[in-house]
Amino acid sequence: MARLKFGAFLAPHHPIGEHPMLQFRRDLDFVEQLDALGYDEFWCGEHHSSGWETIASPEMFLAAAGERTKRIKLGTGVISLPYHHPFNVAQRMVQLDHMTGGRAIFGSGPGALASDAHTLGIDPMTQRDRQDEAIAVIRRLFNGERVTAKTDWFEMHDAALQILPLQEDMPFVVASQISPSGMTLAGKYGIGIISLGSMSTQGLMALPQQWQFAEDAAAKAGTTVSRANWRVLLSWHIAETREQARREAGAGLMRWHNEYNVGTLMRPGLTAFASPDEAVDKTAFVEGTASTIGTPDDLVKMIKNLVDVSGGVGTIVGFAHDWANPENTRRSWDMVARYVVPEINGYIDGLRKSRQFLIDNRAVFERAGQAVMAKIMQNDKAAAALQHTGTGRVAIPAVNAPDLAKAAAKQKA
């Protein structure tokens, strides 16, 4: 299996009650932690309502994150293109790319919250087509073209960017949820995808069909799409044991589901959980789930299953949430970096092979111990002292150590 990249997706989904200023700072601390742990990507979105989702400008947040980090890629997850004039979006993304030293990823979507579109007086029926129109224009601007365009929602007259992106080819990524529109756009333009609808059982099982939408659109447009540029969202909370993970995440998961998904968004078909245990059981312990509440081994199994079901992806993106308290949440992401990522990508395979090689070839290395014993026996005092030396009393690396107890017994005899 090809090595996977790992990232985090912060919508954000934060329960109402925390001071917004401190919440923003905690989120920036989180990006800094991910960078130090070696995660590849961080994503944050744009929302203007709901109470739970507080980042209105992902570009502004990511610029601040760029000052705190060194290597992690920073993606807009996503800019809702129908909400903005495309020229302004292009300008802000170019500035972000330069301010972060070429680490920006341009992620876009049509706008996820109906309440945001309502606030701005945008007809939901127009949003996906407007995203398509905006992508086409922004790509031309990034290529250094001077653009004149007129649509029913924006105009440009001889528009050109003063500064082009620092990256020669800034990654373009579109969000995909339930409808085929995101995958179709990715195929049309030959760009990347971040699948956000995969946290449900149905979303996970639909991944092969979703990818087919992208390939069909690419064939029609004469472009290509690569699984290496396909990002899939999973949710998890990891601890040393399943029982500990359940204790840490249950109450917060129940609150997130009941207050946000059911009580605020009123998502069709969802009902409130009656207890934290029910929340955990129905989220992470049903057939086909795309959520893991358990150990690193449980998440490794989940990711391998996702790769098998989907046919292959390039990046696993973890959904950032407040199911557990901040301390246990940080611990969860730390454990994923330390134990899940290396297991998935084979970073410790060589260590296991090296250890097993020594075990399997112990007889070959006995000669090293014989060499040590030969030197001992050449020295009368050392040979005499051997009678009083037992196993474990000499700081000799195990691979080189002779059986001192056995040799001492021979001396006494």
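For clarity, every value in this text was computed on a predicted model and none was experimentally measured.
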Within the structure provided, determine whether [X] and [Y] are in side-chain contact (heavy-atom separation under 4.5 Å).
X: Trp43; Y: Leu233; answer: no
X: Glu133; Y: Leu81; answer: no
X: Thr151; Y: Arg130; answer: no
X: Ile193; Y: Ser195; answer: yes
X: Ile122; Y: Gln127; answer: yes
X: Leu10; Y: Ile55; answer: yes
X: Trp230; Y: Val225; answer: no
X: Leu62; Y: Cys44; answer: yes

TODO: Name all pairs fulfilling the salt bridge (charged side-chain N to carboxylate O under 4.0 Å, His left out) condition that reach into residues 175-190, sequence neighbours left out, sorted by first residue then second.
DONE: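 Only Asp132-Lys188 qualify under salt bridge (charged side-chain N to carboxylate O under 4.0 Å, His left out).
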- [ ] Not counting sequence neighbours, which residues clear side chain to side chain contact (heavy atoms under 4.5 Å, CB included) with Ala90? List them please.
- [x]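 Applying side chain to side chain contact (heavy atoms under 4.5 Å, CB included) to Ala90 gives Ile138, Leu141, Phe142, Leu161.
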Short question: side chain of [X], backbone of [Y] - any donor-acceptor pair under 3.5 Å?
X: His85; Y: Glu155; result: yes
X: Thr295; Y: Arg242; result: no
X: Ser310; Y: Gly312; result: yes
X: Thr76; Y: Gly107; result: yes
X: Thr329; Y: Ala324; result: yes
X: Asn345; Y: Leu4; result: yes
X: Thr283; Y: Ala279; result: yes
X: Ser332; Y: Ile238; result: yes
X: His321; Y: Trp236; result: yes
X: Asn325; Y: Glu327; result: yes

[atom1]-[atom2] distance between [X] and [Y], expressed to the nearest 0.5 angstrom:
X: Ile135; Y: Ile191; atom1: CD1; atom2: CD1; value: 4.5 Å
X: Leu253; Y: Lys282; atom1: CG; atom2: NZ; value: 12.0 Å
X: Phe106; Y: Met170; atom1: CZ; atom2: CE; value: 8.5 Å
X: Thr292; Y: Lys301; atom1: OG1; atom2: NZ; value: 10.0 Å
X: Ser179; Y: Met183; atom1: OG; atom2: CE; value: 11.0 Å
X: His84; Y: Trp153; atom1: NE2; atom2: CH2; value: 9.5 Å

- [ ] Decide whether Gln33 and Asp29 meet the rule of one side-chain donor and one side-chain acceptor closer than 3.5 Å.
- [x]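 Short answer, no.
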Task: Distance-only side-chain donor-acceptor flag, Ser108 / Gln131, under 3.5 Å - done: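 Looking only at side-chain atoms, Gln131 and Ser108 do form a donor-acceptor pair, the distance falling under 3.5 Å.
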- [ ] For Leu34 and Phe30, run side chain to side chain contact (heavy atoms under 4.5 Å, CB included): C-alpha distance rounded to whole Å, both residues' side-chain angles, the deciding distance at 0.1 Å, then the answer.
- [x] CA-CA 6 Å; Leu34 296 178; Phe30 175 57; 3.7 Å; yes
Between [X] and [Y], does any side-chain N to carboxylate O distance fall below 4.0 Å?
X: Lys73; Y: Asp40; value: no
X: Glu343; Y: Lys304; value: no
X: Asp97; Y: Arg103; value: no
X: Arg338; Y: Asp334; value: yes

Is atom [atom1] of [X] surrounded by more than 12 heavy atoms (other residues, nucleotides or ligands) closer than 6.0 Å?
X: Gln95; atom1: CD; answer: no
X: Met125; atom1: CE; answer: no
X: Phe357; atom1: CZ; answer: no
X: Arg25; atom1: CZ; answer: no
X: Phe24; atom1: CZ; answer: yes
X: Gln356; atom1: CD; answer: yes

Task: With Glu248 via salt bridge (charged side-chain N to carboxylate O under 4.0 Å, His left out) - residues at least two apart - done: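 None.
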TODO: Tell me, please, which residues at least two apart from Arg92 pass salt bridge (charged side-chain N to carboxylate O under 4.0 Å, His left out).
DONE: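 Listed in chain order: Glu59.
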Task: Partner of Phe42 by side-chain contact (heavy atoms from CB on, under 4.5 Å), out of Val317, Ile72, Ile105 - done: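 By the side-chain contact (heavy atoms from CB on, under 4.5 Å) criterion, Phe42 pairs with just one of Val317, Ile72, Ile105: Ile72.
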Looking at every heavy atom in both [X] and [Y], which two are closest together, and how far apart are they?
X: Ser176; Y: Gln210; answer: OG-OE1, 3.1 Å
X: Phe273; Y: Met254; answer: O-CE, 3.3 Å
X: Ala239; Y: Pro296; answer: O-CD, 3.6 Å
X: Gln23; Y: Pro15; answer: NE2-O, 4.1 Å

- [ ] Please report the C-alpha distance between Asp297 and Tyr339 in whole Å, then the side-chain angles of each, then the deciding distance to 0.1 Å, and finally whether the side chain to side chain contact (heavy atoms under 4.5 Å, CB included) criterion is met.
- [x] CA-CA 8 Å; Asp297 288 342; Tyr339 304 112; over 6 Å; no
Quick one: side chains of residues 109-116, donor-acceptor pairs under 3.5 Å with protein atoms, not counting sequence neighbours, listed by atom name and distance.
{"from": "Ser115", "atom 1": "OG", "to": "Ser49", "atom 2": "OG", "distance (Å)": "2.5"}
{"from": "Asp116", "atom 1": "OD1", "to": "His48", "atom 2": "N", "distance (Å)": "3.2"}
{"from": "Asp116", "atom 1": "OD1", "to": "Ser49", "atom 2": "N", "distance (Å)": "3.1"}
{"from": "Asp116", "atom 1": "OD1", "to": "Ser49", "atom 2": "OG", "distance (Å)": "2.5"}
{"from": "Asp116", "atom 1": "OD2", "to": "His48", "atom 2": "N", "distance (Å)": "3.1"}

Open item on the list: Val31 vs Thr69, test: side chain to side chain contact (heavy atoms under 4.5 Å, CB included). Steps then yes/no.
Closed with: CA-CA 8 Å; Val31 189; Thr69 56; 4.0 Å; yes
TODO: Evaluate the side chain to side chain contact (heavy atoms under 4.5 Å, CB included) criterion for residues Gln244 and Arg331: first the C-alpha distance (whole Å), next the side-chain angles of each, then the deciding distance (0.1 Å), finally the verdict.
DONE: CA-CA 12 Å; Gln244 182 179 343; Arg331 172 69 171 156; 6.0 Å; no
Open item on the list: I need the full list of side chain to side chain donor-acceptor pair (under 3.5 Å) pairs touching residues 9-22, with sequence neighbours left out, sorted by first then second residue.
Closed with: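 Every side chain to side chain donor-acceptor pair (under 3.5 Å) pair that includes a residue of residues 9-22, provided the two are not neighbours, is His13-Trp256, His14-Asp27, His14-Asp322, Glu18-Arg26.
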Task: Near-ring test Phe6/Tyr39, centroid separation under 6.0 angstrom - done: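 Ring-ring flag for Tyr39/Phe6: false, centres at least 6.0 Å apart.
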- [ ] Report yes or no: is the cationic atom of Arg139 (NZ for Lys, CZ for Arg) under 6.0 Å from the centre of the six-membered ring of Tyr189, at an angle within 45° of the ring normal?
- [x]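 No; the conditions do not both hold, so Arg139 does not lie above the ring face of Tyr189.
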